[in-house]
S.K.: 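Below you'll find the structure I mean.
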Number of protein chains: 2
Amino acid sequence: MASDLDSTDRKILREVVRDARISQMALAEKVGLSPTACTRRLTALEKKGVIKGYAAEIDASELGYMMTVHVHITLDKQSEDALSAFEREIAKCPDVVSCYLMSGNDDYLVHVQARDMEDYERIHKQHLSRMPGVARLHSSFAMRSVVKRGVSVSALTG
Amino acid sequence: MASDLDSTDRKILREVVRDARISQMALAEKVGLSPTACTRRLTALEKKGVIKGYAAEIDASELGYMMTVHVHITLDKQSEDALSAFEREIAKCPDVVSCYLMSGNDDYLVHVQARDMEDYERIHKQHLSRMPGVARLHSSFAMRSVVKRGVSVSALTG
DNA sequence: TATGAAAGGCCGTGAAC
DNA sequence: GTTCACGGCCTTTCATA
């Protein structure tokens, strides 16, 4: 479903990715359109689903969440039901930032945020290890975030 | 630097995470404040750095980017200079969404977006394998995204 | 089917309390 | 934290290519 966007649409996308709260008039001027035309394009991008929404970016460390952990999770079964049951539960875990089903051994890569090591121990024991069908958990701790974007630059410039 | 936020501040954060383009008046009503007081709090959260910015969420698959790859990268040296050189280059790579320095063997976990397998082959050859100091590359392909948030729910409710 | 221009209502902003 | 008032933005309508 690769929508056919022209360079103006992509320019609009780059601007709202940079600043979602930009005013319609400022956006219109940046992309070289009248406010009316610009707003119409923006609305179209929202309706098409290219723009899924607008979110404030929060500094988790400012809220006391100092730890980023990547957890590789292997299930003991790989049946549809087992995957579904696990995914239903992991989606409910409030400490999870992202979760991907990975190819290969059908395991999951789960990104977790925690206040500190003690907090992560609690999350590990009370949530992660109790997820349905979990066979193995391997935690990798991030020491530093080097790059963090919502979407790749290529996707917006290509 | 864990800021001391009250329940109103957290309510504001939850709302702007859900919809960054919410109007000041609508936000004020949702949190039970007058528009002026609400805007003052929001501005304070921005100045404190709790809110880093506002970004549109883009559906990469709508732009033709169908692949999500997690790449484990090990360097041949772990000196300060080697890490810095690598990080400078990886930050320039337009296909990278995120990159973390991981504890343990001082390797990196890099999240990459690509159009398709051919595109990823190009990224792998032309960008990733040519990064300074790279010893080993291990690619893991995501089959499905199960959870995707900008920040954990706990950080906003805690 | 796309844009551009103008008018009116609503919102965002600041002063005073 | 609230009220009030003013300036400006957002939206709609309509005309155009």
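Reminder, nothing fancy here: chain letters follow the sequence lines and each chain counts from 1. Not measured: the values here are computed from a predicted model.
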S.K.: So that I can tick it off, tell me whether A:E87 and B:R144 are bridged by a salt bridge, with the cut-off set at under 4.0 angstrom between side-chain N and carboxylate O.
M.R.: yes
S.K.: Send over the distance from A:L5 CG to C:dA2 P, rounded to a whole Å.
M.R.: 13 Å
S.K.: Return the stems involving DNA chain D, sorted by first number, where pairs are Watson-Crick (N1-N3 with N6-O4 or O6-N4) or G-U wobble (N1-O2 and O6-N3), both under 3.5 Å, and runs are 3 or more long.
M.R.: C:1-17 with D:1-17
S.K.: Of B:D6 and B:R21, whose closest DNA chain D nucleotide lies nearer the 5' terminus?
M.R.: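 Between the two, 5'-proximity favours B:D6.
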S.K.: Do A:Y120 and A:V97 share a hydrophobic cluster (ILVMFWY, side-chain heavy atoms under 4.5 Å, transitive)?
M.R.: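 No, because A:Y120 and A:V97 fall into different hydrophobic clusters, even though each may have its own neighbours under 4.5 Å.
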S.K.: What distance do A:M102 atom CE and A:T74 atom OG1 have between them, rounded to the nearest 0.5 Å?
M.R.: 11.5 Å
S.K.: Let me know the distance between CD of A:E29 and C1' of C:dG4, rounded to the nearest Å.
M.R.: 15 Å
S.K.: Checking contacts here: which listed nucleotide (D:dG1, C:dG12, D:dC9) is nearest the side-chain heavy atoms of B:Q24?
M.R.: C:dG12
S.K.: Rounded to the nearest angstrom, tell me the gap between atom CG in A:L45 and atom C1' in C:dA2.
M.R.: 15 Å
S.K.: For the rings on B:Y100 and A:H111, is their centre-to-centre separation under 6.0 Å?
M.R.: yes
S.K.: Do A:H72 and B:H72 make the cut of ring centroids closer than 6.0 angstrom?
M.R.: yes
S.K.: With sequence neighbours left out, write down each residue that passes salt bridge (Lys or Arg N to Asp or Glu O under 4.0 Å) with B:D9, or none if nothing qualifies.
M.R.: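 Partners of B:D9 under the salt bridge (Lys or Arg N to Asp or Glu O under 4.0 Å) test: B:R41.
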S.K.: Write down the distance between CE (B:M25) and C1' (D:dC4), rounded to a whole number of angstrom.
M.R.: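 Atom CE in B:M25 sits about 12 Å away from atom C1' in D:dC4.
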S.K.: Quick one: are the ring centres of A:F86 and A:Y108 less than 6.0 Å apart?
M.R.: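 Aromatic pair counts; centres sit under 6.0 Å.
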S.K.: About how many Å separate CE of B:M25 and OG1 of B:T36, when rounded to the nearest 0.5 Å?
M.R.: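 One finds 9.5 Å between OG1 of B:T36 and CE of B:M25.
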S.K.: Please list, in numerical order, the residues of residues 34-41 of chain A that have a heavy atom closer than 4.0 Å to any atom of DNA chain C.
M.R.: A:S34, A:T36, A:A37, A:R40, A:R41
